[in-house]
Amino acid sequence: MLPYPSGNLHMGHVRNYSAGDALAWYKRLKGFNVLHPIGWDSFGQPAEDAAVKRGVNPRTWTEENIEIMRGQLQRIGVSCDWRRQMYAHTPEYYKFDQWFFLKMYEMGLAYKKKTQVNWCEHDQATLSNEQASGGICWRCGNPVTKKDLEQWFLKTTAYTDQLLDDMAEIEAGWPANVLKRQSDWIGRSEGAFVKFDVKGSDERIEVFTTRIDTIYGANAVVVAAEHPIVEAKLAMMSANVVAKIAAIRAENAKPTDHETEIKKDGIDTGLKAINPFSGEELSVWVGNYVMMDYGTGAVMSVPAHDERDFDFAKKFGLPMVMVIETKAEPPASAGGTNVESHSTSKPTAHAVGSAFTDYGVMVNSGEWSGKTSEDGKREMAEYAEKHEFGRAATTYRLRDWGISRQRFWGSPIPIIYCDKCGVVPEKFENLPVRLPDTAPFTGTGESPLAKVPEFYETTCPKCDGPAKRDTDTMDTFVDSSWYYFRYTDPQNEVLPFDTETAAYWTPVDQYIGGDDHAVMHLIYARFWTKVMRDLGLVKFNEPFKRLLTQGMVVGETFFDDETGKKVYHMPDKVTVTRDAKGKITSAVSTEGKTLKYGIERMSKSKGNGVDPDEMIEIYGADAARLFVMFAAPIENELVWNEAGIEGAVRFLQRVWRLVGSWRLAVGSRQSAVVGSEESSAEARKLRRKTHQTIKRVSDNFESLQFNTPVAALMELSNAIGDFPVEPDNASDDEIFAVREALTSLVLMLTPFSPHTAEELFSVLIGNEKGIVANDARFSEYSEELAKADEIEIPVQVNGKLRSRLMALPEASNEELEAMAFADEKVREYTDGKEVVKVVVVPKRLVNIVVKG
RNA sequence: GCUGGGAUGGCGGAAUUGGUAGACGCCCAGGACUUAAAAUCCUGUGCCUUUAGGGGCGUGCGGGUUCGAUUCCCGCUCCCAGCACCA
């Protein structure tokens, strides 16, 4: 994933790009043609905030930041193809944001509508549903409110089923939790719409239900306070009902607060609705737990079989009728005896204490009684459709993507408003619609472009009359929805990319980033790819074959209670004491104040961050990268602890010394080859370790593990260090074995610590050319050489380890068994006992089961 | 509350997917080198127990399957993340 040019790289970036770079190096060393790109997500709000706060031009601010961050990436030695960089804020790039927008407009996938949008008061910005997930702003974490605005939408809902169903194609390569979060977000729900007549009125209330089979248990129709029927009948309601509804509406309009549980509340409107199946008259209630923006804004309340309806009915003493029973014969104590009778004379759920929400068999449901829930659901929906009061339906939670932003620093929306012709799309040949150099920035949430007549005053592409441009810009997530395709053809001036050129590289083989974009960027990118497929630009459904979500890098954070949120940077401003487990027991600032502490995402602005530049300065880029890869599995959270990095430094220095101590012997005896008669056991042992390591490291890379191959390299380096023969006394065979081990070690180190590896490689080979110039390849693995001469076989008696045998790998079961029984330690436990059974696992173990 | 993931030494974490638990590294202790320190090297390092050889216990807790369970099954506890009345 491309970085936002905030101005400084943090350790999260280092982790992400170190892993990506390691993989790129590994694949290149394996002989693959690798496209390892980088780009800049360079449109967005912080640039504009800087303009408001400090009066700098957003472009200048952004480009300076890119310069700084590119320098940092180059200092850590990321091996990107710098020629292919893309920059979202350049007209050469955003021209195609606009191109796509116009294409989607043609396809009917872009439309404008006035609606309640998510609004972040803190950022003074509009948010898409995805960016407001959980009722909090994705950028600043503050609660989201609503605001009426007219804005452009992209029809993500045209692809809901594909977004769900195509997950099957990427299931193997994506983390399960990301797919899960996406499918929850899309929220497919299969059920039925049912219309209830309103008594004494032509109006009908339509509800959505997934459990039409429970409709005979409905005790009320509950609608949202904002439901049109409420507005329409408000005049007929008593003053206290109206007041209550107003109160609920006011409460609904407040930003969601997840700390406090919402108590069920509501009021009987006095209206009556008719259950179309039973003909029963039901009260119409307003309930605070019914939301206007899901389903139809109205539900049928079935307390006996729905938890929320149960709570609601209990609070207001509404009747509860059980209409579903468990399929299995219910135990005598369940169902029957616990049920209180009610005026309906039907059994009720009062005494049960909770709703029965499983499927079962329908009861008390007129002619439908006796059917299973599954049959009832299907047949009742069909019946409803036949009698024109309902139909089976699938609803989704996913909404269209609102992309209009009242912001300057983004791609202008290429739409023109003409008094005569109405909404007119800009002509393709007039793209890009360029941003002016500057605009009056206020940060108050109004479009700065609306104050720049040179920008918005234009002529209508249709009638040539005077017209005005749309003064909003696109959500920056538009830029990141397709940038990875641009890498394949970054200079194209006619199209976003050439289809054939892109086809060679795409879809992306491996995508790496944080899982915080699970329902934002990753849904948009998938949507965009499907649109591109329908445009004929690509021939596949999914943009990213494999996704790796790396865990956050977090640091210990210290707060000063008095001054509020002030955070101190370790270790110069805080004195910390720890318990035996390394957990902090107290933290005191240099001024002597006691501080609160916790763990938070590491960043410079929070003051708990380690600056990558500092790391490089102190330890070097190679050690920093090696440590970040080694410290924890890539998908885990990494709690930053500087102590461990010394280990990485020591390891690199050890390898350096190892090469130093052998380079003369190895360099001067290049003719030394394997196969001399006196092949020593030591040489064979080292070669075995070398080849086992090649296999382990390769397998680890293939399965995206970055910590375990480092451990394997450390083992190999230890084995070379333990080699018992002095360089000057080594035989040709031994020289060969050491040269092979060192060469392999250095090559396998390249993905983690490329600078050190490059230097050592050239020294070792004895010429000035390094890994790149030599077009070096990862060492070939030999199964034959990796095979052990002798293997250790544990012997268990009754499953407990009692002895170990050394045996030939090809030893037969009988031989192993005989050796086990001959073993002295084993005999202590078997002598005088009855042998019940002997289990021999070839090449693994022997287990003797005895009795008595 | 629902959903998903997890729990292995003082710490980060390994373990060929049912076969020697604790690789590798950090920390710590002891030693060598040094006038001394740093660096480096060597040794030890799961817990309990034993003079020693050794013995016992041990992968969150309780059960089960198996010759054998960190791994599979059932039931709990706790932690982390996501969602937040989704009808």
Side-chain angles (χ1 to χ4, degrees), chain A residues 133-135 175-181 183-185 187-189 191 207-211 214 222 224 256-258 261-264 287-291 293-302 306-309 311-312 395-397 515-516 518-519 551-552 578-583 626-627 630-633 635-639 641-648 650-651 653-654 657 692 695-696 699 705 707-718 721 792-804 825 828 836-850:
Chain A
S133 169
N177 91 84
V178 173
L179 293 175
K180 170 84 172 59
R181 279 168 69 182
S183 64
D184 283 356
W185 183 256
R188 178 153 65 191
S189 167
V207 306
F208 179 72
T209 176
T210 54
R211 293 297 303 273
T214 65
V222 185
T256 344
D257 169 19
H258 299 297
E261 202 188 326
I262 302 157
K263 291 259 184 328
K264 295 266 182 308
N288 67 340
Y289 71 103
V290 181
M291 299 178 297
D293 51 8
Y294 185 80
T296 60
V299 300
M300 62 179 205
S301 164
V302 186
D306 182 281
E307 293 291 351
R308 295 151 302 174
D309 297 340
D311 292 345
F312 192 70
T395 59
Y396 300 87
R397 191 177 117 129
D515 69 357
D516 41 339
V519 290
M552 273 193 285
R578 294 170 194 271
D579 66 11
K581 290 185 176 185
K583 296 258 187 294
L626 186 77
F627 172 65
F630 178 59
E635 63 275 7
N636 284 20
E637 185 173 85
L638 173 60
V639 182
N641 177 358
E642 211 122 322
I645 197 169
E646 300 282 358
R650 279 199 283 266
F651 170 65
Q653 286 173 342
R654 241 185 338 261
R657 282 196 303 270
Q692 285 169 345
K695 172 140 176 66
R696 269 175 72 185
D699 289 352
Q705 289 171 282
N707 55 332
T708 46
V710 176
L713 293 182
M714 287 171 171
E715 282 186 49
L716 178 59
S717 130
N718 290 345
E792 197 182 62
I793 302 285
V795 182
Q796 299 177 334
V797 178
N798 288 351
K800 290 197 179 192
L801 180 70
R802 294 303 178 189
S803 185
R804 297 182 171 95
K825 285 184 205 152
E828 283 178 39
V836 181
K837 190 176 180 182
V838 180
V839 180
V840 182
V841 184
K843 296 185 191 184
R844 275 279 145 70
L845 63 35
V846 179
N847 187 14
I848 301 167
V849 187
V850 295

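Side-chain nitrogen and oxygen atoms of A:Asn707 include none within less than 4.0 Å of the OP1 or OP2 phosphate oxygen of B:G12. Residue A:Arg650 places no side-chain N or O under 4.0 Å from the OP1 or OP2 atom of B:A39.
No hydrogens or angles were tested; on distance alone, nothing pairs the side chain of A:Gln653 with the base of B:U40 as donor and acceptor under 3.5 Å. Looking at A:Arg181, its side chain has no donor and acceptor atom pair within 3.5 Å of the base of B:U3.
With B:A15, B:G55, B:U20 as the choices, the nucleotide that has an atom nearest any side-chain atom of A:Gln705 turns out to be B:A15. The nucleotide whose nearest atom lies closest to any side-chain atom of A:Arg397 is, among B:A84, B:G56, B:U3, B:A84. Side chain of A:Asn636, nearest nucleotide from B:A23, B:C85, B:G13: B:G13. Looking at the side chain of A:Val290, the nearest of the listed nucleotides B:G12, B:A87, B:G25 is B:A87.
Considering all non-hydrogen atoms of both residues, A:Leu801 and A:Pro794 come closest at CD1-CB, 3.5 Å.
Residues A:Thr214 and A:Met300 have side chains in contact (heavy-atom distance under 4.5 Å, counting atoms from C-beta outward). Side-chain contact between A:Asn847 and A:Lys837: absent, with no pair of heavy atoms (C-beta onward) separated by less than 4.5 Å. Side chains of A:Gln692 and A:Lys695 form no contact here, defined as non-hydrogen atoms less than 4.5 Å apart. Side-chain contact check for A:Arg181 versus A:Asp515: some heavy-atom pair is nearer than 4.5 Å.
Within 4.0 Å (heavy atoms only), A:Asp306 reaches no atom of the nucleic acid at all. A:Lys264 comes within contact range of at least one nucleobase, with a heavy-atom separation under 4.0 Å. Among the heavy atoms of the strands, none lies under 4.0 Å from A:Met300. Contacts of A:Gln796 with the nucleic acid, taken as non-hydrogen atoms under 4.0 Å apart, include base atoms. Within the 4.0 angstrom heavy-atom criterion, base atoms lie near A:Val839. Residue contacts shown for A:Gly187 are absent, as no nucleic acid heavy atom lies under 4.0 Å away. Among the heavy atoms of the strands, none lies under 4.0 Å from A:Asp309.
Comparing the same atom, C1', in B:G55 and in B:A7 gives a spacing of 30 Å after rounding to whole Å.
In this structure, B:C47 and B:G56 make a Watson-Crick or G-U wobble pair, each of the two defining distances being under 3.5 angstrom.
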